[in-house]
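Report on the following structure.
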Amino acid sequence: MTSFNFATAQSPLGQRLYAGLNLGLTDFETNLVIVDGQIHQELDAFSMAMQELNWPWKALGVARFLPAWIKSPLYKSIRRNRFRVFGRYDTCMVPDAELRARFLRNGF
């Protein structure tokens, strides 16, 4: 089973990653996924994460093969409409101890 570790964009590690990619340091509009030392953004990040899951989610990993002229607008459309589709909460989820242990601190 694949295991994921997490870092918030606001953490020292997240800030270094975002700065190194010339991404905004206060308006977090993408997730980053690191696989084998390579950083993926936007739809490629989603694809790489899905590729690591079991079926049927693994099938969504094929999105990485879409041409850039399709991937970028598709990702931006999903990003813009995600709260309409998935809902928005008034408060952030507070992770339990098991999930909290999977968050990276300041380094890899």
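Just so we're clear, the structure is a prediction, and the values are computed from it rather than from any experiment.
In plain terms, the two heavy atoms of Lys58 and Gln51 that are nearest each other are NZ-O, 2.7 Å. For the pair Pro73 and Ala68, the tightest heavy-atom approach, listed with the atom from each and the gap, is CD-O, 4.0 Å. Across all their heavy atoms, Ser47 and Leu60 have their closest contact at OG-O, 4.0 Å.
To the nearest 0.5 Å, the span separating CZ on Phe46 from CG on Leu74 amounts to 9.5 Å. With rounding to the nearest 0.5 Å, the separation of CG in Leu17 from CG in Leu23 is 9.5 Å. Distance CD1/Ile39 to CD/Gln41: 8.0 Å, rounded to 0.5 Å.
A donor-acceptor pair under 3.5 Å links the side-chain atoms of Gln15 to the main chain of Ala9, judged by distance alone. Side-chain atoms of Arg64 come within 3.5 Å of backbone N or O of Gly61 as a donor-acceptor pair.
In terms of hydrophobic clustering, with Ile, Leu, Val, Met, Phe, Trp and Tyr side chains grouped at heavy-atom distances under 4.5 Å, Val33 and Leu13 are assigned to different clusters. Under the 4.5 Å side-chain contact rule for hydrophobic residues, Trp57 and Val35 do not share a cluster.
Under the 4.5 Å side-chain criterion, counting only non-hydrogen atoms from C-beta, Leu32 is not in contact with His40. With contacts defined as side-chain heavy-atom distances shorter than 4.5 Å, the pair Lys71/Asp44 qualifies.
Judged as a ring pair (Phe, Tyr, Trp, His ring centres under 6.0 Å), and not counting sequence neighbours, Tyr75 has no contacts.
Chaining together hydrophobic side chains whose heavy atoms lie under 4.5 Å apart places Phe65 alongside Val62.
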